[in-house]
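Only one structure is covered here, and it is reproduced in the block below.
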Amino acid sequence: MSQAPRVRILLSETYNPWFNLATEDWIFRELDPSAQTLFLWRNDNTVVIGRNQNPWSECNLTRMEEDKVFLARRTSGGGAVFHDLGNTCFTFLSAKEGYNKTANITILLDALSRLGVKAQASGRNDLVIPLEDGPRKISGSAYRETKDRAFHHGTFLIGADLTRLSNYLTPHPKKLESKGSASVRSRVMNIRDLQPEASHEALVEAMIGAFCDFHGATAEPELLEPSFLESQPSLKRTFDHYASWDWRFGNAPRFSHQMVEYLSWGFFEVHVDAENGHVTRAQVFSDALYPDLVQDLQAALVGKPHSRDGMRQAVAEARSRHPAQERELGELEAWLMGQVEV
């Protein structure tokens, strides 16, 4: 008879996003992937931006300060999201060997079923509730894998204020033109719209039950408080990094050329300084879901001629590292070349 897999359940007791994002990072990098790990958490009044987004142009920082809204930056790509206590976040960690993405989806759907919510998986990332006028999204997920571990995280909408994100964003007009916020809001709903008694605490209990039953094991949740940082020096360093001004804001340099466009696969804001006809500094902000590609393009621009050929050379370097994104890079190359005069 095979031994049941070890399970570990971590439950955050703080709403600080820097603590929770740091804990996620620590789980991914340092915990034993041979154990099935579940981390449950939520953030209070937080705008979370993607790795390559520019808070100075994306966010209404003055209003965020007035309303005591956190600014946090994650290490993955994508756009800005707003978290409040109506969101419940989940994180799974397991060994890559034998990992099946449908296993976690099964756990999530089982947890919802225990709350009396019948949901369905939609595409690769979402859970939706089917309604007469069309499905409504209640959960979104993202995945990450390395050579030995698989990571899956996402968010449930229980009773979130779906209007507040627009209070704190100042997106470029091209974003508004291409990604109208009204259409986004119309596709999502809170679980409480269907089950008024639903709560974070009830969902946590259902998630733990579904997780343990699926893996045929039991575990008591480990409650994580800020004091836990003192017992884990590497987690404390990660927390300090996430909380730092350098990570959340970075520098706000002045560039001589700003190129802005919404491509089919993401919004791009490219700033370059040029001297003697060559790029001396470059910074690329984007909500595209290929953060490493964005970083490689940024590095490749430096030293290139500020010309169409220079843009072509920079994209060629990025293409050599990301051949699977040929279509996206072709579109990016055509746009960048069209932004320079020679």
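We're numbering straight along the sequence, starting at 1.
- Residues passing the side chain to side chain contact (heavy atoms under 4.5 Å, CB included) test with Asp296, sequence neighbours excluded: Arg321, His322.
- In terms of the side chain to side chain contact (heavy atoms under 4.5 Å, CB included) criterion, residue partners of Ser76 (sequence neighbours excluded) are, by chain and number, Arg74.
- Cluster annotation: Met259 is not connected to Val302 through the hydrophobic network of ILVMFWY side chains, with a link wherever side-chain heavy atoms come within less than 4.5 Å.
- A salt bridge links Asp32 with Arg6; the closest basic N to acidic carboxylate O contact falls under 4.0 Å.
- Judged as a side chain to side chain contact (heavy atoms under 4.5 Å, CB included), and not counting sequence neighbours, the contacts of Thr280 are Asp273, Glu275.
- Hydrophobic clustering (ILVMFWY, side-chain heavy atoms < 4.5 Å, transitive): Leu329 and Val340 are in one cluster.
- Remark: Lys96 NZ is packed, more than 12 non-hydrogen atoms of other residues, nucleotides or ligands lying under 6.0 Å away.
- The CG atom of Asn52 sits 9.0 Å away from the CZ atom of Phe285 when rounded to the nearest 0.5 Å.
- When hydrophobic clusters are built by joining Ile, Leu, Val, Met, Phe, Trp and Tyr residues whose side-chain heavy atoms come closer than 4.5 Å, directly or via intermediates, Met311 is grouped together with Leu263.
- When all heavy atoms of Ala119 and Ile138 are compared, the closest pair comes out as CB-CD1, 4.3 Å.
- When all heavy atoms of Glu13 and Leu223 are compared, the pair lying nearest together is OE2-CD1, 3.8 Å.
- In this structure, Ala80 and Leu165 approach most closely via the heavy-atom pair O-CD2, 3.8 Å.
- If you take CG on Asn43 and CG on Asp84, they are separated by 10.0 Å, rounding to the nearest 0.5 Å.
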| query | Can you list the steps and then say if Leu112 with Ile191 is a side chain to side chain contact (heavy atoms under 4.5 Å, CB included)? | reply | CA-CA 9 Å; Leu112 289 170; Ile191 294 172; 3.7 Å; yes

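- A search for salt bridge (Lys or Arg N to Asp or Glu O under 4.0 Å) contacts involving Arg51 returns Asp292, not counting sequence neighbours.
- Under the side chain to side chain contact (heavy atoms under 4.5 Å, CB included) criterion, Val279 pairs with Val272, Ala282, His306, sequence neighbours left out.
- By the 30° and 60° cut-offs, the orientation of the rings of Tyr242 relative to Trp247 is perpendicular.
- Using a distance-only test at 3.5 Å, with no hydrogens or angles considered, a donor-acceptor pair links the side chain of Asn20 to the main chain of Thr14.
- Here the shortest heavy-atom pairing between Arg192 and Gly159 reads NH1-CA, 3.9 Å.
- Side chains of Leu157 and Leu162 form a contact here, defined as non-hydrogen atoms less than 4.5 Å apart.
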| Evaluation steps, side chain to side chain contact (heavy atoms under 4.5 Å, CB included), between Asn104 and Thr106 | CA-CA 5 Å; Asn104 293 341; Thr106 299; over 6 Å; no

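- Aromatic ring centres of Phe228 and Trp26 lie closer together than 6.0 Å.
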If you look only at distance, which donor and acceptor atoms sit under 3.5 Å apart when one is on a side chain in residues 196-214 and the other is two or more places apart or in another chain?
residue: Ser199; atom: OG; partner: Ala202; partner atom: N; Å: 3.0
residue: His200; atom: ND1; partner: Thr88; partner atom: OG1; Å: 2.8
residue: Asp213; atom: OD2; partner: Arg114; partner atom: NH2; Å: 2.7

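- Listed by chain and residue number, Thr91 satisfy the side chain to side chain donor-acceptor pair (under 3.5 Å) test with Trp41 (two or more places apart in sequence, or in another chain).
- No donor-acceptor distance shorter than 3.5 angstrom exists from the side chain of Ser94 to the backbone of Gln36, with no hydrogens or angles considered.
- Looking only at atom types and distance, the side chain of Asp309 has no donor-acceptor partner in the side chain of Ser307 under 3.5 Å away.
- Aromatic ring centres of His241 and Phe239 lie farther apart than the 6.0 Å criterion allows.
- With sequence neighbours excluded, the residues satisfying salt bridge (Lys or Arg N to Asp or Glu O under 4.0 Å) with Arg8 are Glu222.
- Between Phe156 and Phe90, the ring center distance clears the sub-6.0 Å criterion.
- For Trp265 and Phe268, the gap between ring centers is short of 6.0 Å.
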| message | side chain to side chain donor-acceptor pair (under 3.5 Å) for Ser264 and Glu331? Distances and angles first, verdict last. | response | CA-CA 8 Å; Ser264 67; Glu331 184 182 4; 2.7 Å; yes

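- With sequence neighbours excluded, the residues forming a salt bridge (Lys or Arg N to Asp or Glu O under 4.0 Å) with Arg63 are Asp67, listed by chain and number.
- The salt bridge (Lys or Arg N to Asp or Glu O under 4.0 Å) test applied to Lys236 returns Asp240, not counting sequence neighbours.
- Under the 4.5 Å side-chain contact rule for hydrophobic residues, Leu131 and Val117 share a cluster.
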| request: Might you work through the side chain to side chain donor-acceptor pair (under 3.5 Å) test for Thr102 and Asn100, ending with a clear yes or no? | output: CA-CA 5 Å; Thr102 61; Asn100 184 342; 2.7 Å; yes

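- Pairs of residues two or more places apart, or lying in two chains, that qualify as side chain to side chain donor-acceptor pair (under 3.5 Å) and include a residue from residues 141-150 are Ser141-His152, Thr146-Asp148.
- Separation of atoms CH2 (Trp335) and OH (Tyr262) is listed at 13.0 Å; rounding is to 0.5 Å.
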| query | Going through the checks in order, is the side chain to side chain donor-acceptor pair (under 3.5 Å) test met by Arg29 and Ser234? | reply | CA-CA 10 Å; Arg29 290 184 293 103; Ser234 63; 5.7 Å; no

| Gln283 and Gln298: CA distance, side-chain angles, deciding distance, side chain to side chain contact (heavy atoms under 4.5 Å, CB included) verdict | CA-CA 6 Å; Gln283 194 132 14; Gln298 177 174 293; 3.8 Å; yes

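- In terms of heavy-atom proximity, Arg248 sits nearest to Trp18 at CD-NE1, 3.5 Å.
- The OG atom of Ser12 lies 9.5 Å from the CG atom of Leu10; values are rounded to the nearest 0.5 Å.
- Nearest heavy atom pair, residue Thr46 against residue Pro17, reads OG1-CG, 3.4 Å.
- A donor-acceptor pair under 3.5 Å links the side-chain atoms of Lys304 to the main chain of Ala300, judged by distance alone.
- For the ring-ring contact (aromatic ring centres under 6.0 Å, His included) test, residues two or more places apart in sequence or in another chain that qualify with Phe82 are Tyr168.
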| task | Evaluate the criterion side chain to side chain donor-acceptor pair (under 3.5 Å) for residue pair Asp246 and Ser244; output intermediate values, then yes/no. | result | CA-CA 5 Å; Asp246 285 344; Ser244 71; 5.6 Å; no

| For Ile158 and Asn190, what are the C-alpha separation, side-chain angles and deciding distance, and is it a side chain to side chain contact (heavy atoms under 4.5 Å, CB included)? | CA-CA 5 Å; Ile158 299 180; Asn190 282 305; 5.5 Å; no

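- Expressed to the nearest 0.5 Å, how far CG of Leu61 lies from CD of Glu66 amounts to 11.0 Å.
- Atom OG in Ser286 sits 10.0 Å away from atom CD in Glu269 (nearest 0.5 Å).
- Connection of Leu108 to Val128 is not established within any shared hydrophobic cluster, with ILVMFWY side chains joined at heavy-atom distances below 4.5 Å, either directly or through further cluster members.
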